[in-house]
Amino acid sequence: MQKRTKIKELINTEPTGQQVTVKGWVRTFRNTQFIAINDGSTINNIQAVLNAGVTDDATMKRITPGSCVGVTGTLIASQGKGQKVEVAVTAIEIYGDAESDISKPNSYPLQPKAHSLEFLREIAHLRFRTNTFGAIFRIRHSLAYAVHKFFNDKGFVYMHTPIITASDAEGAGEMFKVTTLDINKAPLNEAGEIDFKQDFFGKATNLTVSGQLEGELAAMAFGEVYTFGPTFRAENSNTTRHLAEFWMIEPEMAFFDLNDNMDLAEELLHYVIKYALEHNREDIEFLNQRLLDEEKNKPQIERSEMSLLEKLQFCIDNKFERVTYTEAISILRESNHNKKKKFQYLVNEWGVDLQSEHERYLVEKHFKKPVILTDYPKDIKAFYMRQNDDGKTVRAMDILFPGIGEIVGGSQREERLELLETRMKEMHLPIEEMYWYLDTRRFGACPHAGFGLGFERLVLFVTGMTNIRDVIAFPRTPKSAEF
RNA sequence: UCCUUCUUAGCUCAGCUGGUUAGAGCACAUGACUGUUAAUCAUGGGGUCCCUGGUUCGAGCCCAGGAGAGGGAGCCA
């Protein structure tokens, strides 16, 4: 095949009349002369100029939005104002048509005009071809790459923890069952329950909700490890921040206490946001402008104080605020917001879980920056978190981001076998089944810590999008698994 | 799962206290146009008013049930 040059490269090339080939998808065709072609390598299109006589009328008719073309021609300085260079076409080939006549069946649904995000969600298989989703998914890629680069450069080992797991004690949420049994005539045991001994794995299995426990096993050998993979929660959550299938980054480090853990999480977030700002400047600038345009239609009060670019820059220029749960409760209790009863749930006693309105108040009103909350009451946190000497709190930390809420949840782990077992008994967890996890505490236990970072929530923050369904290609949510 | 709002042309939306033939912008089609930038100009076509049932002389509008979507809450990442 005729080799092509990617548009990203071409638009930064000095035009010396060299012959080039561009292949991509038509965005617009103006004045029967100017084709705007996009190939996904950049948000920018290249302008291909079709001078008279280059091709016939029948071919011209086939140059429609969405069609796939390859053009060959000379790269010249553009006479027009919108671009530096353009291709003076000498040959054009149509690889694939796209019907533009909406009165015909199977016409191309993307029109050269603005579409709502809700509509684009219904055609998620085609929305990559829009500027907005092109930008989002290039940024998503960069963030994923930056995560791997960050950990690799620090000497972390990337672990692939299992997707199918027999453990259901991670306590992170409802699980999806994995089985090859016929659900209409599943074999029963003597007690009348489904006999999973006859199932594929010989026991009940589920999709993982977290790779953390396996991560801890590996950390007890490699020191510093991380996982970055899909996780599944069968919760009936219908929000702009939850998915049934999402990607999570979970580092686990031996010889780390909670402070080391927070330092690492903060460094990671700073690093990947900075990476995206440096490597996806144009995409972020496009999304920045998109949000500014959107805000023009809003009343003054609802507009955000900072633009997306300012928000991202602010985030990497400033340390996150670190506050204990106990301090947070007294800040909230003393706040005018609480006294004037503006919270739906008033903050009175120590020990209650914070509502998202409280988290938002701390992040967006009080500190006006990302906040790390630490040392939560043990009763509202998972079994594996290390207990403090006060007997009431655990070494947990949540990182709260403006507009997103909880983006990271982590803790120093309880490495003391007796305390861990006691806690598991209190919480009615199957200690025998989890012998493999407890073995880390039996054989060479050490202080260690880790956290989980919700990848889509990170992408939400960096793109300035507000619905998590718009930052994953094919979102899985309750009652929705199209495509 | 709970609360709440919405569903009218391909898309985004108007639609008067229930009244006769349901509108706009964009998109689309046809024509013009070789320096356009979501081109422009002219002309034109396009509707199961989400579904089912009810009230009424008459329903896009009112009532009941259902479906789908958005926003908020809970669970969390």
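Keep in mind that the numbers below use all heavy atoms, side chains included, and drop hydrogens, waters and symmetry copies. The chains referred to below are lettered A, B, ... by the order of the sequence lines, with proteins before strands, and numbering in each begins at 1. Keep in mind it's a predicted model, so treat the numbers as computed, not measured.
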Quiz prompt | Pairwise P distance, B:rG15 and B:rC6 [rounded to whole Å] | solution = 12 Å

Practice problem: Anything under 30° is parallel, anything over 60° is perpendicular, the rest tilted; go ahead and classify A:Y325 against A:W350. | Solution: perpendicular

Quiz item: A:S237 side chain: which of B:rG71, B:rG74, B:rC76 is closest?
Solution: B:rG74

Practice problem: Any strand is fair game: report the nucleotide pairing with B:rA24 by Watson-Crick or G-U wobble, both distances under 3.5 Å, or none. | Solution: B:rU12

Practice problem: Measure from the side chain of A:Q83, starting at C-beta and using heavy atoms only, and say which of B:rG74, B:rU36, B:rA27 lies closest. | Solution: B:rU36

Practice problem: Considering only atom P, compute the distance from B:rC49 to B:rU20 and round it to an integer number of Å. | Solution: 15 Å

Quiz prompt | First encountered from the 5' end of RNA chain B, between A:S100 and A:T28 | solution = A:S100

Practice problem: Please tell me which of the listed nucleotides, B:rG74, B:rA77, B:rU36, lies nearest to the side chain of A:Q47? | Solution: B:rU36

Quiz prompt | Rounded distance in Å between the P positions of B:rA24 and B:rG44 | solution = 12 Å

Exercise. Write down the distance separating the P atoms in B:rA9 and B:rG65, rounded off to the nearest Å.
Key: 26 Å

Exercise. In whole angstrom, give the distance that lies between atom CZ of A:F119 and atom C1' of B:rG68.
Key: 15 Å

Exercise. Taking atom C1' in both B:rC16 and B:rU55, compute the distance separating them and give it to the nearest angstrom.
Key: 22 Å

Self-check item: Closest to side chain of A:S116, choosing from B:rU12, B:rU1, B:rC28
Solution: B:rU12

Quiz item: Of A:R469, A:R140, A:R241, which meets salt bridge (Lys or Arg N to Asp or Glu O under 4.0 Å) against A:E456?
Solution: A:R140

Quiz item: Does the side chain of A:I92 come within less than 4.5 Å of A:I35's, by heavy atoms?
Solution: yes

Self-check item: Separation between the P atoms of B:rU21 and B:rA59, rounded to whole Å
Solution: 11 Å

